[in-house]
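Just below is one structure, and these are the notes that go with it.
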Amino acid sequence: MSDSADSRESVNFLEAIIREDVEAGLHGGRVLTRFPPEPNGYLHIGHAKSIALNFGLAARFGGKTNLRFDDTNPAKEEQEYVDAIIHDVRWLGFEPARILFTSDYFEQLYEWAVALIRSGKAYVDFSTPEEMAAQKGTPTQAGIPGPYRDTTPEENLALFHKMQAGAFREGECVLRARIDMAHPNMHMRDPIMYRIKHAHHHRTGDRWHVYPMYDWAHGQSDSIEEITHSICTLEFAPHRALYDWFIEQLGIFPSRQYEFARFNLSYTVMSKRKLLQLVTEGHVRGWDDPRMPTISALRRRGFTPESIVDFATRIGVTKRENMIELSLLEYCIREDLNRRALRRFAVLDPLRVIISNYEEGREEWLESENNPEDTDAGHRLLPFGRELFIEQEDFMEDPPSKYFRLSPGGMVRLKSAYIIRCDGVDRDAEGKVTALRCTYFPESRSGQDTSGLKPKGVIHWLSVPHSRVAEVRLYDRLFTVEDPSAESDFRQVLHPESLVIKPDARIEPALADTRAGDKFQFTRLGYFCTDPDSTLEKPVFNRTVTLKDTWAKVADR
RNA sequence: UGACCCAUGGUGUAACGGUAGCACACCGGAUUUUGGUUCCGUUUGUCAAGGUUCGAAUCCUUGUGGGUCAACCA
């Protein structure tokens, strides 16, 4: 009975495949997956899906996951990226069973290549890239054999050894698998296995002059590690035939490849090329600019690893093209931070309030909850006095109906403090409001309110003399359109106000000793995270995400 | 003028021949000293046409639409 309940449980197609394999006793029920990044850039949220998928799937079946760096191209890869990637994977909460490098297998790969040459399954080709492209045909037209296809194994062997010995210039020749130039799958038309590069490799130094191509390294690395399920994105599906062919020719451990659809996130770009362009052209401040979809940027912006993994899980796994709404990511981080973040008061655009009937020089320390979702979080004390700051947005001289905040003659509750009424305004020479003249109701103090007054609005506030200056960075979507990649030039749709800096925001005293990475909810404003640029003299906060704002919707109508 | 993959509300994803469900978004309501949170509810969907079947989102056929494939990148 529990059996049928299990089989009815909803699982994605990959989990279903693995479950069948495990139940059939494939590889003794052992599951080993891998996450195989190329160390030529930083991880982004798309990688987080792959990481969560590979580690999650394996863990579900008592298996493990290797982190393997696909470092077959010495021209593009660097140790700096290796370190950053390891850091990001661990930060997300996953511990690789082993940390490995495709370059660890260069020797074995070379031996296997020699074996294929000996059996006439690979040959050295001196054709130019143009000649090779011409021989290769097109997707709708079969290719034709080139002039080097029937060189003898002995000659090919000698040539290949010379390639590795450094006897040829880069680009002079390549080693190709000998499969079928007329195959309907382009990848089977004698794909290149090795090219010559006289470059310094970040791990193997100057030992090699030939470097394996992806197709001749990836599947073999999977096989060497005895990866049971090699999970990759859809664009590699046509490579699967080659993946299987090499493994079969070599008679080695039969890893199997499965493909899923990567996801697109609305209002952002995810391709490494475009991300790099944003950085190098200065559209953002760097790879960890909080507007970027990189893991390092999300971390700096204040996303928790839990929220990212939750998101990566919620979006699901299929083979369909898809566009995930940014609002889902926002939901995930709000849900997490609502439970965990301490509430603090901050005023982004200060407006001075003078409480006329509050004695000059008097001050009170009022209690306010640190987190209404978590009573264990306790309380803090907020200083109250005659001069306060409130948010400019929380006052309107001529308010529309349903505006619950302050206006001339109107009343509002200062959260955790008193109810005040606005009696008048001070103006500068241009007529701009510079301060509000208010009276407070002493008997309306929070927790002991006997005033009988019931204002509809509640706003946050700060005591002027106790408040401190802070810089607050407000982020919005980086692009103005859902799918920037569909534009002829995605840089044309950059959002001009994706970053708005408030250099003179004010914060409450309890925020004085904040450190980089601290997360708060600034009451009524959103979730914020202390930036590494922060100093004791000048704290800097990043807005992670706003609170849901029902009023903004109403006001827009 | 090829091969391969895909098609379920606005978005994403379930339903393995038997009640089309869940989440986000949206809209409405209740509660609220955060216009937050929480709770309740409404609306909205099987690409099309045939076929198989007592019964089809599911199987078959043909269309239609979308995606991928021709780097000495991964």
Side-chain angles (χ1 to χ4, degrees), chain A residues 7-12 16 36-38 40 70-73 75-77 125 128-129 132-134 136-143 170-176 183-187 189 192-197 210-211 213-215 217-218 232 234-241 259 261 263 266 272 314-332 334-335 338-339 343 345 368-369 372-373 402-405 412-417 419 444 446-447 449 454-460 482 521-526 546-555:
Chain A
S7 62
R8 250 186 277 119
E9 179 195 337
S10 143
V11 297
N12 67 55
E38 181 185 13
N40 70 343
D70 225 335
D71 57 348
T72 56
N73 188 350
K76 289 164 53 183
E77 295 146 6
D125 194 326
T128 65
M132 279 181 53
K136 204 160 190 176
T138 70
T140 57
Q141 187 181 12
E170 282 192 16
E172 199 170 348
C173 57
V174 295
L175 183 75
R176 300 177 75 176
H183 201 285
N185 183 337
M186 295 289 291
H187 295 279
R189 321 239 266 227
I192 296 174
M193 295 168 65
Y194 278 101
R195 77 286 215 188
I196 295 170
K197 283 198 186 291
V210 291
Y211 286 91
M213 298 289 289
Y214 168 85
D215 287 306
H218 200 96
C232 61
L234 240 36
E235 64 271 25
F236 289 97
H239 296 247
R240 191 175 60 237
E259 311 88 21
F263 74 94
S266 63
K272 265 185 196 174
R314 280 173 186 268
I315 60 179
V317 182
T318 64
K319 300 178 82 156
R320 307 174 208 153
E321 289 291 309
N322 61 83
M323 171 75 77
I324 308 292
E325 291 178 346
L326 194 56
S327 58
L328 183 62
L329 216 210
E330 294 178 341
Y331 168 83
C332 290
R334 283 193 190 110
E335 186 184 56
N338 178 48
R339 288 185 289 113
R343 311 296 125 122
F345 284 0
S368 190
E369 71 271 11
E373 305 300 315
K402 301 259 178 59
Y403 183 80
F404 299 156
R405 286 109 97 152
V412 78
R413 157 75 66 183
L414 297 178
K415 184 171 168 59
S416 302
I419 294 170
S444 69
S446 280
D449 184 355
K454 298 277 179 235
K456 295 203 78 168
V458 179
I459 65 174
H460 59 283
E482 261 205 349
Q521 182 196 106
F522 289 173
T523 299
R524 299 210 309 132
L525 296 176
T546 62
L547 258 25
K548 275 174 70 178
D549 189 348
T550 310
W551 166 245
K553 274 183 206 162
V554 176

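In what follows, every chain begins at residue 1, and chains take the letters A, B, ... in the order their sequences are listed.
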Review point. Hey, does A/T550 reach any base, or is it just sugar-phosphate, or nothing, if we go heavy atoms under 4.0 Å?
Key: sugar-phosphate
Review point. Going by an N to O cut-off under 4.0 Å, is there a salt bridge joining A/D449 and A/K454?
Key: no
**Study point:** Electrostatic pair A/R314-A/E335, nearest N-O below 4.0 angstrom
**Key:** yes
Exercise for review: Please answer whether B/rA74 and A/Y214 are stacked, defined here as ring centres separated by less than 5.5 Å and planes angled under 30°.
Suggested key: no
**Study point:** Cationic N near anionic O, under 4.0 Å, A/R195 to A/E172
**Key:** no
Study note, to complete from the structure: Atom NE2 of A/H183 and atom C1' of B/rC69 are separated, to the nearest Å, by 13 Å
Review point. Do A/R334 and A/T546 come within less than 4.5 Å of each other through their side chains, counting heavy atoms only?
Key: yes
Check your understanding: B/rC73, B/rU34, B/rU68: which one has an atom nearest the side-chain heavy atoms of A/P238?
Key -> B/rU68
Practice item. Decide yes or no, distance alone: a donor-acceptor N/O pair under 3.5 angstrom between the base of B/rG35 and the side-chain of A/R524. Key: no
Review point. Which nucleotide sits closest to the side chain of A/M213: B/rG12, B/rC24, B/rA74?
Key: B/rA74
Check your understanding: Looking at A/R240 and A/E259, does any basic side-chain N land under 4.0 Å from a carboxylate oxygen?
Key -> yes
Check your understanding: Taking only side-chain nitrogens and oxygens of A/R320, does any of them come within less than 4.0 Å of OP1 or OP2 of B/rC5?
Key -> no
Check your understanding: With sugar-phosphate meaning primed atoms plus P, OP1 and OP2, does A/K415 contact a base, only sugar-phosphate, or nothing at under 4.0 Å between heavy atoms?
Key -> base
Point to revise | Whole-Å distance separating the CE atom of A/M132 from the C1' atom of B/rC72 | key: 7 Å
Review point. Can you find an N or O donor on one side and an acceptor on the other, under 3.5 Å apart, linking the side chain of A/R343 with the base of B/rU34?
Key: yes
Check your understanding: What does A/K402 touch in the nucleic acid at a heavy-atom separation under 4.0 angstrom: a base, only the sugar-phosphate, or nothing?
Key -> base
Check your understanding: If you look at every strand shown and take non-hydrogen atoms under 4.0 Å, does A/Y403 touch a base, only sugar-phosphate, or nothing?
Key -> base
**Study point:** Side chain of A/E373 - closest among B/rC26, B/rU34, B/rG36
**Key:** B/rG36
Check your understanding: B/rA74 phosphate, OP1 or OP2: any side-chain N/O from A/T72 under 4.0 angstrom?
Key -> yes
Review point. At under 4.0 Å between heavy atoms, what does A/F236 touch on the DNA or RNA strands: base, sugar-phosphate, or nothing?
Key: base
Review point. Touch check for A/K553, heavy atoms < 4.0 angstrom, all strands: base, sugar-phosphate only, or nothing?
Key: sugar-phosphate
Check your understanding: Does the side chain of A/V174 reach to within under 4.5 Å of the side chain of A/Y194, using non-hydrogen atoms?
Key -> no
Practice item. Could I get the full list of side-chain hydrogen bond (donor to acceptor under 3.5 Å, both in side chains) partners for A/S368, not counting sequence neighbours? Key: A/S416
Exercise for review: Please work out if A/P36 contacts a base, only the sugar-phosphate, or nothing of the nucleic acid, heavy-atom cut-off 4.0 Å.
Suggested key: nothing
Exercise for review: For A/R413, answer base if it contacts any base atom (sugar-phosphate contacts may also be present), sugar-phosphate if it contacts only those atoms, and nothing otherwise; contact means non-hydrogen atoms under 4.0 Å.
Suggested key: base
Practice item. Identify which nucleotide among B/rC73, B/rG35, B/rG36 has an atom closest to any side-chain atom of A/N73, counting heavy atoms from C-beta outward. Key: B/rC73
Review point. With a non-hydrogen cut-off below 4.0 angstrom, is A/Y331 in contact with a base, only sugar-phosphate, or nothing?
Key: sugar-phosphate
Exercise for review: Tell me whether the OP1 or OP2 atom of B/rU11 has a side-chain N or O from A/S327 closer than 4.0 Å.
Suggested key: no
Check your understanding: Under 3.5 Å, is there an N or O donor on one side and an acceptor on the other linking the side chain of A/E325 and the base of B/rG10?
Key -> yes
**Study point:** Secondary structure of RNA chain B in dot-bracket form (Watson-Crick or G-U wobble, distances below 3.5 Å, | marking inter-strand pairs)
**Key:** .((((((..((((....[..))))..((((.......)))).....(((((..]....))))))))))).....
**Study point:** Residue A/E235, side-chain heavy atoms: nucleotide from B/rA3, B/rG36, B/rU68 that is nearest
**Key:** B/rU68
Study note, to complete from the structure: Residues passing the side-chain hydrogen bond (donor to acceptor under 3.5 Å, both in side chains) test with A/T138, sequence neighbours excluded, are A/T140
Review point. What nucleic acid atoms does A/V554 come within less than 4.0 Å of, heavy atoms only: base, sugar-phosphate, or nothing?
Key: nothing
Practice item. Would you check, one step at a time, whether the test side-chain hydrogen bond (donor to acceptor under 3.5 Å, both in side chains) holds for A/H187 with A/D215? Key: CA-CA 9 Å; A/H187 295 279; A/D215 287 306; 4.5 Å; no
Review point. In whole Å, what is the span from the CZ atom of A/R189 to the P atom of B/rA71?
Key: 11 Å
Check your understanding: What nucleic acid atoms does A/H187 come within less than 4.0 Å of, heavy atoms only: base, sugar-phosphate, or nothing?
Key -> sugar-phosphate
Practice item. Name the nucleic acid region contacted by A/S446, choosing base, sugar-phosphate or nothing; use a 4.0 angstrom heavy-atom cut-off, strictly under. Key: base
Study note, to complete from the structure: A/T318 has its side chain closest, among B/rA74, B/rU13, B/rG12, to B/rU13
Check your understanding: Within the structure shown, what part of the strands sits under 4.0 Å from A/G447 by heavy-atom distance: base, sugar-phosphate, or nothing?
Key -> base
Check your understanding: With a 4.5 Å heavy-atom cut-off, do A/E77 and A/N73 have their side chains touching?
Key -> yes
Review point. When you check the phosphate oxygens OP1 and OP2 of B/rA74, does a side-chain N or O of A/R195 lie under 4.0 Å from one of them?
Key: yes
Review point. Which is true for A/I315 with a 4.0 Å heavy-atom rule: it touches a base, it touches only sugar-phosphate, or it touches nothing?
Key: sugar-phosphate
